[in-house]
Novice: 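Sharing a structure below in structure tokens format, with a few things to ask.
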Amino acid sequence: MRKYFVTGFYLLIIGGLLLLGGFIMGGNKSVTWEHGFKVVQRVDETYPLDKFKNVYVEGNDANVNIRLGDRYKVRINSEKSSAPTYKIKNDTLTVMGQKKKGMIGVGVLENDNITITIPMNESLNNVNLRVAGGDIKISDVTVNNLVKSAKDLDYDSNLYLTDATIKNIDKMNIYDAVFDIKNTKITNANLVANAHSDINATNATILKSHFNLDDSDLSIKHSNLDTIKSLANHSKISVSKTTMMNRNEFKIFGSGHFNGSSLTVDGLNLTSNNGYVRYFDKKYGNSYQNRTDAKNLLVVQTNKAPITIK
């Protein structure tokens, strides 16, 4: 009996090493059960499309990339047996993910990859993304209306906007995810972030927008803000090297911290009811005001979170 045990143990080790080697060398990484074990095959196909103005994508474990290119097309890289489907109807491109059946092994780590391309000098009216468990990237594209919601509230996707123009976001929910904005202009955004989400903006212009944060962090650098209202709870907000136009308001309930540095703004109205206000190297107790009648005014109000401006 001991002999069989030792032999089986060595075979298990050898099998594990072979599995690891195949994984590193780029071999098939999963099998499926369908009347017996079968090796999963992947497809990588690009399909030319007729013109469309709207996009709807729905699915789990999917990476979505929307970008400019030479023509209208969609590229799908996925497991062959569960590849997303697509169609164009009423000027709308719809891409639907399929449920993966019988998956076992490390292959569950592989997402579907969906790349949607529109020609240069074209834009999109409506983009509706109901995706969970992946990354969404929108690059160089102008979108009139953007909607993003998690397909599963406990299983969200990250969103990256780069060199894009987004004219309206009715309501965007971020749950335990990353929202990254670079070289992008956003107008009329209504953002709700929860559960340790991170919102980062760099070289961005954000106009007439609302941020509601719960246990999440907001970082803005080298940007322009115009008429922003932010309500936060147990959250950290950092704004640096940023120009503020008109009235921008930040309120923090519960714990957290507001940090501002190298800000371009005419007036300040800073109040921390049970915390403190530090302006450069001096503490001013619970409040600090300077030119509160200025057109370009920063208003920060907190319950017990400290406020630091330098």
Novice: Side chains of N303 and N274 only: does a donor on one sit below 3.5 Å from an acceptor on the other?
Specialist: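 The criterion, which ignores hydrogens and geometry beyond distance, is satisfied for N274 and N303.
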
Novice: For the residue pair R71 and P48, what are the closest heavy atoms and their distance?
Specialist: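 The answer is NH1-CB, 3.3 Å.
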
Novice: Suppose the criterion is salt bridge (Lys or Arg N to Asp or Glu O under 4.0 Å): which pairs have a residue in residues 288-306, not counting sequence neighbours?
Specialist: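 Sorted result for residues 288-306: empty, none.
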
Novice: Do you know which two heavy atoms are closest between K182 and T184, and how far apart they sit?
Specialist: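 Heavy atoms of K182 and T184 come nearest at O-OG1, 2.8 Å.
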
Novice: With sequence neighbours excluded, tell me which residues meet ring-ring contact (aromatic ring centres under 6.0 Å, His included) with F280.
Specialist: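 For F280 there are no ring-ring contact (aromatic ring centres under 6.0 Å, His included) partners, ignoring immediate neighbours.
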
Novice: Looking at T271 and S287, what are the two nearest heavy atoms and their distance?
Specialist: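 What the structure gives for the nearest pair is OG1-CB, 4.2 Å.
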
Novice: Strictly by modelled atom types, are D170 and N168 linked by a side-chain donor-acceptor pair under 3.5 Å?
Specialist: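 There is such a pair between these side chains.
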
Novice: Show the nearest heavy-atom pair for residues S272 and A305, with the distance to one decimal.
Specialist: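 Heavy-atom minimum between the residues: OG-O, 2.9 Å.
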
Novice: Y56 and E58: side-chain donor and acceptor closer than 3.5 Å?
Specialist: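 Side chains of Y56 and E58: pair found under 3.5 Å.
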
Novice: Looking only at heavy atoms, which two atoms of L298 and L270 are closest? And how far apart?
Specialist: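 Nearest pair, atom of L298 first, then L270: O-CD2, 4.4 Å.
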
Novice: Among D44, T46, T115, N63, find the one that has a side chain to side chain donor-acceptor pair (under 3.5 Å) with N77.
Specialist: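 Single pass found, and it is D44.
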
Novice: For the backbone of G267 and the side chain of N290, can you confirm whether one donor and one acceptor N or O come within less than 3.5 Å of each other?
Specialist: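 Looks like no, no N/O pair under 3.5 Å.
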
Novice: Picking from D91, N145, N144, what satisfies side chain to side chain donor-acceptor pair (under 3.5 Å) with N126?
Specialist: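 Only match with N126 under side chain to side chain donor-acceptor pair (under 3.5 Å): N145.
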
Novice: So, using ring-ring contact (aromatic ring centres under 6.0 Å, His included) as the criterion, who are the partners of Y160 when residues are at least two apart?
Specialist: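 Residues passing ring-ring contact (aromatic ring centres under 6.0 Å, His included) with Y160: none at all.
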
Novice: Could you tell me the separation between the CG atom of D176 and the CG atom of N158, rounded to the nearest 0.5 Å?
Specialist: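 Those atoms lie 9.0 Å apart.
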
